[in-house]
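Structure first, then comments.
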Amino acid sequence: MRTIVLMLLIVAPSAAQDSPDEGPFSTIELRAGGSYNINRNNIHDYWRPGYGGELSLATPFYFGIAEAGGAYHRYDVADPSVPRFDAILAFAGWGIPLSPSPYVSWYNGFRLGNNRMTFDVDTFAGIRTESEFILEVNSTLHLRLPQGFGIFGSARFSQTYTFIRFRTIYVTAGISYRTSSPRWIRTLLQ
């Protein structure tokens, strides 16, 4: 419940789209960045977070912005009784940007996805992977540069629905490239 309330508080104040003349799927933006888990909780007694990466695509939707992508995070052993693992997240999201100027936008939204954790050794008899539902709230500040390029920084609260909730806060920084969508992509998606 707290996650949903937090998501609504972040998304609700932002009520403008990038620009009123952009239609659904009119542009595609590719984002790539490095990320790091900054909070500490009970999982960090067993694992140390390493640096990760994120790659996503975003496009104007009928209302707001739709996105899809993936992220990779490495977790090394802090307690030798547990195996090291890699987390691969696949997600789809939606949010609303607030654009105070043509060069700056502040995006707030949520993501739903799957967190697939792959362990170095069998965690249970013959099982080396665990795949769980994930919910994230995401806030991104984006600076547009000439020629379709941009830089961004984001923070997101992520909750993986394992038996003991896996709650993490990631910060991500990276670059983006935005271009007009080809007509055939717009037609296909609409």
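These figures come from a predicted structure and were not determined experimentally.
- R165 pairs by the salt bridge (charged side-chain N to carboxylate O under 4.0 Å, His left out) definition with nothing, not counting sequence neighbours.
- D45 meets the salt bridge (charged side-chain N to carboxylate O under 4.0 Å, His left out) test with no other residue; sequence neighbours excluded.
- The main-chain N or O of R178 is never found under 3.5 Å from a side-chain atom of T27 such that the two would form a donor-acceptor pair.
- Under a cut-off of 6.0 angstrom, the local environment of CZ in R116 is sparse, with at most 12 non-hydrogen atoms contributed by other residues, nucleotides or ligands.
- Residues F152 and T172 meet the side-chain proximity criterion, which asks for heavy atoms closer than 4.5 Å.
- In Y36, the OH atom is crowded: over 12 heavy atoms of neighbouring residues, nucleotides or ligands sit closer than 6.0 Å.
- F110 is connected to I96 through a chain of hydrophobic side-chain contacts under 4.5 Å among Ile, Leu, Val, Met, Phe, Trp and Tyr, so both are in one cluster.
- In terms of modelled atom types and a separation under 3.5 Å, the side chain of R128 and the main chain of D120 share a donor-acceptor contact.
- For T160 (side chain) and T162 (main-chain N/O), no donor-acceptor pair under 3.5 Å exists by modelled atom type.
- Proximity of F166 to M117: side-chain heavy atoms (C-beta onward) are separated by under 4.5 Å at one or more points.
- Using a 4.5 Å heavy-atom cutoff, the side chains of P49 and H73 are not in contact.
- If you chain together hydrophobic residues whose side chains sit under 4.5 Å apart, I134 and L112 never meet in one group.
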*Please test D86 against Y72 for side chain to side chain donor-acceptor pair (under 3.5 Å), starting from the C-alpha separation and ending with a verdict.*
CA-CA 7 Å; D86 296 320; Y72 166 82; 2.9 Å; yes
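- Ionic pairing of E67 and R156 is not present here: no N-O contact between side-chain nitrogen and carboxylate oxygen is shorter than 4.0 angstrom.
- Hydrophobic clustering of Ile, Leu, Val, Met, Phe, Trp and Tyr side chains at less than 4.5 Å, counting indirect connections, unites I28 with L30.
- Within a 6.0 Å sphere centred on CZ of F133, heavy atoms belonging to other residues, nucleotides or ligands number more than 12.
- Looking at N39, its side chain does come within 3.5 Å of a backbone N or O of R167 through a donor-acceptor pair.
- Side chain of W47 to backbone of R74: no donor-acceptor contact under 3.5 angstrom is found.
- The shortest distance between side-chain heavy atoms of P102 and R144 does not fall below 4.5 Å.
- Every residue two or more places apart in sequence or in another chain was checked for a ring-ring contact (aromatic ring centres under 6.0 Å, His included) with Y46, and none qualifies.
- Between the side chain of Y170 and the backbone N or O of S158, no donor-acceptor pair lies under 3.5 Å.
- Side chain of N37 to main chain of T168: no donor-acceptor pair is present (N/O by atom type, distance under 3.5 Å, no hydrogens or angles).
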